[in-house]
Amino acid sequence: MAKASSRHVALLRGINVGGKNMLPMKELVAMFAKAGCIDVTTYIQSGNVVFCAEDKVVEGLSTGIAKQVEARFGLRVPVVLRTAAEINAVIRANPFLKAGASEEMLHVSFLADLPGKDLVAGLDAGRSKPDVFAVVGREIYMQLVNGVSGTKLTNAYFDSKLKTVSTMRNWRTVLKLGEMLA
């Protein structure tokens, strides 16, 4: 009896941004297919891969894909995974959207690991005023008034303070990934 596959998204950090860390999506799709994923597709060129896979395939996928990308392209790229249900929960739980914030200002950083409460408490809420953020589980919701280029709320900041790896997506991309996972 075959095991059922479930829908997931892999979020690769820093791919094809500003002409750096160039990675052809066609080759990325092939890596996921070779790893045992099916119905593999990408969204835009910045490392968003939607796929179906059995749990046993998903278990080592982040590490496996990261190693393949490094071996083939010489790029050290973190890979963060979420299920379709997790992305849907992220979309429903955005505290800034509920408060009426403009969608153009909204971003989400996806964390590889659940940060400790002590680490979250150590974050500087005033680090990049007027930007605000809220850590909810393995996500950091952000309202970036001056955009990504004008904030100090960066992957590097959150990675160092929360002792994990993060990758950020704008709200429009999060919504699109939710549609693709449906």
Ring pair (Phe, Tyr, Trp, His ring centres under 6.0 Å) partners for His8, two or more places apart: Phe51

Flag side-chain contact, heavy atom, 4.5 Å: Thr167 against Pro78: no

Residue pair Trp171, Asn94: steps toward the side-chain contact (heavy atoms from CB on, under 4.5 Å) verdict: CA-CA 10 Å; Trp171 191 245; Asn94 191 324; 3.2 Å; yes

ILVMFWY cluster, Val77 and Phe32 together (side-chain gap under 4.5 Å): yes

Note, Leu123 side chain near Tyr157 side chain (heavy atom, < 4.5 Å): yes

Same cluster (ILVMFWY, side-chain, under 4.5 Å), Leu162 and Tyr141: no

ILVMFWY network linking Ile65 to Leu81, side-chain heavy atoms under 4.5 angstrom: yes

Spacing of Asn170 atom CG and Leu106 atom CG [to the nearest 0.5 Å]: 9.5 Å

Donor-acceptor contact below 3.5 Å, side chain Asn48 vs main chain Tyr43: yes

same_hphob_cluster(Val57, Leu11) at 4.5 Å side-chain heavy-atom cutoff: no

Check ion pair Arg172-Glu104 (N to O, under 4.0 angstrom): no

Ion pair check, Lys129 and Asp124, cut-off under 4.0 Å: no

Heavy-atom check, side chain of Met168 versus side chain of Leu144, under 4.5 Å: yes

Glu27 and Phe73: CA distance, side-chain angles, deciding distance, side-chain contact (heavy atoms from CB on, under 4.5 Å) verdict: CA-CA 10 Å; Glu27 293 191 39; Phe73 297 98; 3.2 Å; yes

Student check: side-chain heavy atoms of His107 and Val174 closer than 4.5 Å: no

Beyond-backbone contact of Val79 with Leu61, side-chain heavy atoms, under 4.5 angstrom: no

Same apolar cluster (I L V M F W Y, side chains within < 4.5 Å links), Met105/Phe96: no

Donor-acceptor pair, side chain of Thr151 and main chain of Val148, under 3.5 angstrom: no

Close side-chain approach of Val80 and Ser62, heavy atoms under 4.5 Å: no

Inter-residue atom distance Leu23.CG - Ile15.CD1, 0.5 Å rounding: 4.5 Å

Close side-chain approach of Val108 and Met142, heavy atoms under 4.5 Å: no

Rounded distance [0.5 Å steps], CG in Leu114 versus OG1 in Thr164: 9.0 Å

Distance in Å, Ile87 CD1 paired with Met180 CE, rounded so as to fall on 0.5 Å steps: 11.5 Å

Whether Arg13 side chain and Ser166 backbone form a donor-acceptor pair below 3.5 Å: yes

Worked verdict on Leu12 versus Val49 for side-chain contact (heavy atoms from CB on, under 4.5 Å): CA-CA 8 Å; Leu12 285 74; Val49 183; 4.3 Å; yes

Between NZ on residue Lys152 and OG1 on residue Thr154, distance to nearest 0.5 Å: 10.5 Å

Min side-chain heavy-atom separation Pro130-Asn146 under 4.5 Å: yes

Main-chain N/O of Ala156 paired to Ser160 side chain as donor or acceptor, under 3.5 Å: yes

Stepwise side-chain contact (heavy atoms from CB on, under 4.5 Å) test for Arg7 and Leu181: CA-CA 6 Å; Arg7 310 256 319 138; Leu181 288 161; 4.0 Å; yes

Donor-acceptor under 3.5 Å (Thr83 side chain, Glu86 main chain): yes

Charged N-O contact under 4.0 Å between Lys176 and Glu179: yes

Working for salt bridge (Lys or Arg N to Asp or Glu O under 4.0 Å), residues Arg82 and Glu139: CA-CA 11 Å; Arg82 291 295 186 270; Glu139 279 73 42; 2.6 Å; yes

